[in-house]
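Report on the structure given below.
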Amino acid sequence: MKKVITRFAPSPTGKLHIGGVRTALFNFVYARQNNGKFLVRIEDTDKERSTKEFENNILENLSSLGLVPDEEPINQSERDEIYIKAAEKILESGNAYWCDCSADELEKMRKEQTALGKKPMYDGRSRNLGLSRSDKTVLRLATPENGEVIVNDLIRGEIRFNNNELDDLILLRSNGSPTYHLCNVVDDYEQSVTTVIRGEDHISNTPRQIHIQNALGYPSLEYAHLPLVLGTDKKRLSKRNAATSLEEYKEKGYLDTAILNSLARLGWSQGDKEVFYLDELIKEFKLEDVQKAGAIFDISKLDWLNSQHLSNLTLDEFKQKLKPFLKNLNIDIEAHLNVDKLIESMRTSENTLSGISAALEPYYKDIKMYDEKAIEKFIKDKSRLVELRTLLNDIDNWNQETIENVLKDFQVKNELSVPAVNQPIRISLVGSTKSPGLGLTLSIFDKNQALKRIDNLISHLG
RNA sequence: GUCCCGUUCGUCUAGAGGCCUAGGACACCGGGUUUUCAUCCCGGCAACAGGGGUUCGACUCCCCUACGGGAUGCCA
């Protein structure tokens with residue numbers, strides 16, 4: 001049995017895309033569960049659109065997710081020689097020919113075909129012309145005209161294509177540079193790739209690539225075409241309908257593990273289990289069980305998954321993850337008297353780290369803005385607040401239990417409703433009516449801070 | 001247009017001819033806990049695209065239609 005080798009082959013024409021992450025993940029997991037290798041190959045043959053910046057973004061993000069390739073990634077842009085050699089081999093074997101059709105001519109041809117209701121495709125007009133190489137000729141593969149190619153797909157089974165549906169694709173451009181199909185096939189062979197796991201949008205490329213393999217005498221590969229990740233408009237996820245780059249999700253405060261989890265569950269499931277970590281995926285994932293239909297990426301499921309992954313973190317881990325998000329708000333996470341108590345009581349307040357950070361802001365900084373509606377509803381005049389301040393000021397033993405008892409006594413004695421007592425204090429402390437239990441919230445601040453905040457609200461009321 | 005792939009609750013999915021009165025999760029709605037918010041717990045709503053076969057029996061198998069997506073580049 002040959003060692004399984006998978007690869008993720010992005011072209012660096014944009015930041016690491018969430019759909020790309022899923023492709024990489026499935027490649028990684030499949031390699032791991034077969035004790036094989038996971039490779040990354042940068043397909044930067046399009047010199048116009050490829051940038052080093054994007055390449056670095058892809059590589060860095062991949063490794064931050066833990067999808068680390070087992071070998072140093074290679075760049076196709078540095079391997080022209082190998083591809084050209086392969087192209088020459090195909091030419092020598094008689095399976096390729098030079099074609100001098102201009103862009104205009106080809107466009108005209110396609111228009112005519114379309115007008116006749118035919119599939120626009122190169123008609124092979126230069127095939128038997130015996131042209132030789134020039135700066136105006138491209139090298140085309142002589143695709144078999146009859147018969148069919150069968151793609152054996154791990155997810156979809158056999159897919160058949162008639163050879164007469166396939167036109168003679170370009171191997172070498174007129175400037176001599178190799179094209180995607182050639183490079184892709186050659187590198188899969190050169191890197192001993194055994195299994196190609198990629199997006200469904202490549203299905204129709206597969207028979208063409210198989211023809212190149214055949215012309216080169218390469219062994220056949222295993223294929224798995226993944227359903228596409230879709231936006232809510234049912235079209236492939238694009239900037240038009242959602243955040244597409246991994247970076248954007250990280251910046252919003254989604255955990256790597258949660259992102260991976262939600263991507264894995266898109267198109268695949270295992271019983272009733274929803275929460276997965278990478279090691280569990282490696283144990284339980286089955287490529288054959290992947291769904292065939294495209295799947296809409298639902299942010300609310302990610303939100304929930306994120307909350308699950310967040311709650312599975314220890315307090316220390318959680319604080320580490322939160323730290324940079326607070327820093328973005330100019331907050332030093334340790335700059336609070338009761339950091340651990342505060343963070344622990346607030347960690348379920350929102351689903352994302354950025355959301356939690358925002359919710360934490362009033363605990364670290366003075367209240368900039370009070371919820372005026374809440375003030376209107378719960379604070380008729382400041383006299384009660386003044387009264388409560390005195391009450392709290394008299395507490396010597398400043399802890400949650402004592403505070404709660406004092407407030408309860410006051411509330412019962414004066415026959416007041418709980419909100420009538422609690423909400424004014426809460427608004428003083430955090431600016432709104434949202435906070436953990438009041439005794440807990442008060443004890444998170446020290447007595448002086450708490451009284452100060454009450455004073456601030458009193459003076460705000462004027 | 002042509003070729004290819006697909007189609008179960010709003011969304012992700014379970015379902016390999018009787019186990020389906022179609023299960024779970026998210027979302028949503030209602031209730032409980034917290035007399036705030038969030039968490040948590042309980043409950044509810046909600047789907048086999050349509051039509052033909054095959055079969056004693058079809059979500060499951062076959063065909064057609066419809067719809068959706070992908071591909072049709074000297075992009076990858």
Side-chain angles (χ1 to χ4, degrees), chain A residues 9-13 43-46 48-50 76 99 101-103 106-107 110 113-122 136-140 151 153 155-156 159-162 164-167 169-181 183-184 199-208 225 227-228 230 232 234-236 262 265-275 291-305 307 311 345-351 355-356 359 374 378 411 417-423 426-427 430 432-438 441:
Chain A
S11 59
T13 55
E43 307 215 323
D44 49 359
T45 52
D46 183 347
E48 303 284 302
R49 295 192 301 150
S50 302
Q76 290 190 326
C99 161
C101 296
S102 67
L106 292 175
E107 196 185 331
R110 291 196 183 98
Q113 287 165 331
T114 310
L116 272 121
K118 284 193 194 155
K119 179 176 181 165
M121 55 190 269
Y122 179 69
K136 285 199 180 69
T137 57
V138 297
L139 186 69
R140 286 185 185 271
V151 177
D153 192 282
I155 295 172
R156 288 154 217 276
I159 307 169
R160 290 159 183 272
F161 293 87
N162 277 317
N164 61 25
E165 291 290 339
L166 275 19
D167 62 5
L169 75 240
I170 294 172
L171 263 13
L172 256 30
R173 301 185 184 97
S174 50
N175 67 5
S177 65
T179 60
Y180 160 71
H181 290 291
C183 302
N184 193 275
E200 188 183 9
D201 48 338
H202 286 286
I203 288 184
S204 42
N205 288 334
T206 311
R208 303 161 150 265
H225 287 95
L228 261 21
L230 273 25
T232 42
K234 288 188 164 237
K235 298 204 194 305
R236 64 198 298 174
S262 77
R265 276 289 285 102
L266 219 57
W268 175 81
S269 68
Q270 175 69 277
D272 291 343
K273 195 167 168 179
E274 296 287 345
V275 180
Q291 200 80 11
K292 296 184 186 77
I296 295 170
F297 183 66
D298 183 11
I299 194 82
S300 66
K301 190 93 172 195
L302 207 212
D303 277 326
W304 178 76
L305 243 15
S307 74
S311 71
S345 61
M346 289 293 287
R347 59 187 283 184
T348 58
S349 61
E350 295 284 337
N351 288 333
I356 295 168
F378 293 105
Q411 180 249 120
S417 72
V418 175
V421 175
N422 285 10
Q423 297 299 45
R426 203 186 308 273
I427 295 166
V430 299
S432 73
T433 56
K434 293 181 189 176
S435 93
L438 189 61
T441 308

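Sequence lines set the chain letters: A, B, ... in the order given, protein chains first and strands last, and positions in each chain run from 1.
At a threshold of 4.0 angstrom between heavy atoms, the contacts of Phe297(A) with the nucleic acid are absent. Among the protein residues, Thr433(A) comes within range of the nucleic acid bases, having at least one heavy atom under 4.0 Å from a base atom. Residue Gly271(A) is out of contact with every strand shown, counting any heavy-atom pair closer than 4.0 Å. Among the heavy atoms of the strands lying under 4.0 Å from Lys235(A) are primed sugar atoms or P, OP1, OP2 only; no base atom is included. At a threshold of 4.0 angstrom between heavy atoms, the contacts of Leu228(A) are confined to the sugar-phosphate backbone, with no base atom among them. Nucleic acid contact for Lys292(A): sugar-phosphate only, since backbone atoms but no base atoms lie under 4.0 Å from a heavy atom of the residue. In this structure, Pro227(A) reaches neither bases nor backbone, as no heavy-atom distance under 4.0 Å exists between it and the strands shown. Using a 4.0 Å heavy-atom criterion, one finds that Ser300(A) contacts the sugar-phosphate atoms exclusively. Across all strands, His225(A) comes closer than 4.0 Å to no nucleic acid atom at all (heavy-atom distances).
Base pairing of G30(B): its partner is C42(B), meeting the Watson-Crick or G-U wobble criterion (both donor-acceptor distances under 3.5 Å). Partner assigned to C56(B) is G18(B), using Watson-Crick or G-U wobble distances below 3.5 angstrom. Under the Watson-Crick and G-U wobble criteria, each requiring two contacts below 3.5 Å, nucleotide U7(B) is paired to A66(B).
Remark: Trp304(A) pairs with no residue by the ring-ring contact (aromatic ring centres under 6.0 Å, His included) rule, at least two apart or across chains. Scanning for salt bridge (charged side-chain N to carboxylate O under 4.0 Å, His left out) contacts around Asp153(A) gives an empty result, with sequence neighbours left out. Residues satisfying the salt bridge (charged side-chain N to carboxylate O under 4.0 Å, His left out) criterion with Arg173(A), sequence neighbours excluded, are absent altogether. Taking Lys273(A) as the reference, Glu280(A), Glu284(A) meet the salt bridge (charged side-chain N to carboxylate O under 4.0 Å, His left out) condition, with sequence neighbours excluded.
No side-chain donor from either of Gln113(A) and Arg110(A) sits under 3.5 Å from a side-chain acceptor of the other.
Nucleotides U11(B) and G68(B) are separated by 15 Å at their P atoms, to the nearest Å. Separation of the C1' atoms belonging to G23(B) and U55(B) is 26 Å when rounded to the nearest angstrom. Taking the P atom of each, C64(B) and C29(B) are spaced 44 Å apart, rounded to whole Å. C63(B) and U54(B): their C1' atoms are spaced 11 Å apart (whole Å). Using P as the reference atom, A47(B) and U8(B) are 14 Å apart when rounded to the nearest Å. Comparing the same atom, C1', in A66(B) and in G51(B) gives a spacing of 10 Å after rounding to whole Å. Separating the P atom of G50(B) from that of G31(B) is a span of 35 Å, rounded to the nearest Å. Straight-line distance between the C1' atoms of C20(B) and G57(B): roughly 13 Å, to the nearest whole Å.
Heavy-atom contacts of chain A under 4.0 Å fall on RNA chain B between two terminal nucleotides, which in 5' to 3' order are G1(B) to A76(B).
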* Step by step, work out the side-chain contact (heavy atoms from CB on, under 4.5 Å) result for Asp201(A) and Leu228(A). => CA-CA 8 Å; Asp201(A) 48 338; Leu228(A) 261 21; 3.8 Å; yes
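Applying the salt bridge (charged side-chain N to carboxylate O under 4.0 Å, His left out) test to pairs two or more places apart or on separate chains, those with a residue in residues 291-304 of chain A are Glu274(A)-Lys301(A).
Between Thr45(A) and Thr114(A), the one whose closest nucleotide on RNA chain B sits nearer the 5' end is Thr114(A). Positionally, the nearest nucleotide of RNA chain B for Glu165(A) lies more toward the 5' end than for the other of Glu165(A) and Asn175(A).
Here the side chains of Gln423(A) and Val418(A) are not in contact, with every heavy-atom distance at 4.5 Å or above.
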